[in-house]
Participant: 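Below: one structure in structure tokens.
Chain A is the first sequence line, chain B the second, and so forth, proteins listed ahead of strands; every chain is numbered from 1.
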Number of protein chains: 2
Amino acid sequence: METQPATDDLTREVVDLMAGLVALFHREYEEAAAARSLTGAQAKVLALLRRGPMPMRHIAQTLSCEPSNITGIVDRLELRGFVTREADPQDRRVKLVAATEAGQDASAELRESLNFAREPLAALGEDERRTLRDLLQRMLTGATL
Amino acid sequence: METQPATDDLTREVVDLMAGLVALFHREYEEAAAARSLTGAQAKVLALLRRGPMPMRHIAQTLSCEPSNITGIVDRLELRGFVTREADPQDRRVKLVAATEAGQDASAELRESLNFAREPLAALGEDERRTLRDLLQRMLTGATL
DNA sequence: CTGAAAGGTTGAGTTACTGAAGCAACCGTG
DNA sequence: CACGGTTGCTTCAGTAACTCAACCTTTCAG
């Protein structure tokens, strides 16, 4: 197996860069969450609830993990008063997890702090951000989110 | 951090997109690691060792975590024969962690599988990838990696 | 030589996760 | 309607990742 076509090198390069960006972003996300005494997983669940209450099952599917895992995370969020569990009137097996006022505030705050502290983005001008946005959009449409 | 103007919609949009990309990338990375019976943390350490042996302390700093954490991760990697701990002749307090043949193979394999499976990137043409690479490079230079 | 500092490990404790087992509510078939 | 299977969630091990404090060894400064 010899050298590979140039396109592969370019792809590899972009993948490595994205890995770096992902690591950086991830670290800052954890830090921002920790600053509000939330863990990353808890913050992710809270972020999911921004659009409204959601069955535990749906949370587990979105985060690609076992439902039993969500039980624990929601337990801790509930203990801190960030979410509530309500029975779904349509199907009493289902528990709808909803963010409380405090939960929504924490989540919104965290999101704002991310927008603000995102240093790497500051290196780009407005046109470049626009280009980046378009490229990212292209990459993410069709992906399972 | 300097004062910034009110968060503009464009920045917020890009941040949200990056969050999506990060989630996607992260999930696939974990899956690729799991397929080789490695955890994400173990894969990260192995990836770090691609350039050569490294003191535990340096690993901890790079991954932004406590040294005692690295002890456990390296323990498990060592148990599986993916790394070795060697005493540094220069400073006998230091333990140099080095990837074994098997460790390097596993790490290289994982990296290749990432290049290959990176579906989102397939949505972009070569020119666009080049543009993306340049933008990412700009964002990452100066960042602590 | 002595004491402070640095590298690593150990131990306790929390969180995040998986997988199996269990309970309760829902539903399709007879 | 009743019964058996499925679905949604919880509980219970068990592992990994992580933090923090305490500790040992080696290094180094005075």
Participant: Give a yes/no on whether any side-chain N or O of Lys44(A) is located under 4.0 angstrom from OP1 or OP2 of dA16(C).
Facilitator: no

Participant: Is any side-chain nitrogen or oxygen of Arg92(B) closer than 4.0 Å to OP1 or OP2 of dG7(C)?
Facilitator: no

Participant: Quick one: Arg57(A) CZ to dC26(C) P, roughly how many Å, whole number?
Facilitator: 17 Å

Participant: Taking only the side-chain heavy atoms of Met56(B) (C-beta and beyond), determine which of dC18(D), dT9(C), dT10(D) contains the nearest atom.
Facilitator: dT9(C)

Participant: When you check the phosphate oxygens OP1 and OP2 of dA16(C), does a side-chain N or O of Arg76(A) lie under 4.0 Å from one of them?
Facilitator: yes

Participant: Can a salt bridge be assigned to the pair Arg85(A) and Glu78(A) using a cut-off of 4.0 Å between side-chain N and carboxylate O?
Facilitator: yes

Participant: Side chain of Pro55(B) only, please: which of dT18(C), dC18(D), dG8(C) is the nearest?
Facilitator: dG8(C)

Participant: Nearest-Å distance, NZ (Lys95(B)) to C1' (dG7(C))?
Facilitator: 9 Å

Participant: Below 4.0 angstrom from OP1 or OP2 of dT9(C), is there any side-chain N or O of Arg85(B)?
Facilitator: yes

Participant: dT27(D), dC26(C), dC18(D): which one has an atom nearest the side-chain heavy atoms of Ala41(B)?
Facilitator: dC18(D)

Participant: Return whichever of Gln90(A) or Cys65(A) has its heavy-atom-nearest nucleotide of DNA chain C closer to the 5' end.
Facilitator: Cys65(A)

Participant: What nucleotide among dT9(C), dG19(C), dG8(D) has an atom nearest to a side-chain atom of Val94(A)?
Facilitator: dG8(D)

Participant: Quick check: any donor-acceptor pair below 3.5 Å linking the side-chain of Ser68(A) to the base of dG19(C)?
Facilitator: yes

Participant: If you define the side chain from C-beta out and look only at heavy atoms, does anything of Phe82(A) sit under 4.5 Å from Gln104(A)?
Facilitator: no

Participant: For Gln42(B) and dC18(D), give me the distance from atom CD to atom P, rounded to whole Å.
Facilitator: 10 Å

Participant: Using atom OH of Tyr29(A) as one end and atom P of dA16(C) as the other, report the distance to the nearest whole Å.
Facilitator: 12 Å

Participant: Does a side-chain N-to-carboxylate-O contact under 4.0 Å join Asp16(B) and Arg111(A)?
Facilitator: yes

Participant: Find the distance Asp88(B):CG to dG7(C):P and express it as a whole number of Å.
Facilitator: 11 Å

Participant: When you compare the side chains of Thr11(B) and Arg129(A), does any donor N or O come within less than 3.5 Å of an acceptor on the partner?
Facilitator: yes

Participant: Please give, in whole Å, the distance from dG8(D) P to Met54(A) CE?
Facilitator: 15 Å

Participant: How many Å lie between CG on Leu79(A) and P on dT14(C), as a whole number?
Facilitator: 13 Å

Participant: May I have the distance from Asp91(B) (atom CG) to dG8(C) (atom C1'), rounded to whole angstrom?
Facilitator: 11 Å

Participant: Looking at every strand, decide which applies to Ile70(A) at a 4.0 Å heavy-atom threshold: base, sugar-phosphate, or nothing.
Facilitator: nothing

Participant: Report yes or no: is there a donor-acceptor pair, N or O only, under 3.5 Å between the side chain of Arg93(B) and the base of dA6(C)?
Facilitator: yes

Participant: By the 4.0 Å heavy-atom rule, please label Thr71(B) as base, sugar-phosphate, or nothing.
Facilitator: base

Participant: Are the side chain of Arg50(A) and the backbone N or O of Leu46(A) linked by a donor-acceptor pair below 3.5 Å?
Facilitator: no

Participant: Kindly say whether Ala60(B) contributes a backbone atom to a donor-acceptor pair with the side chain of Ser64(B) at under 3.5 angstrom?
Facilitator: no

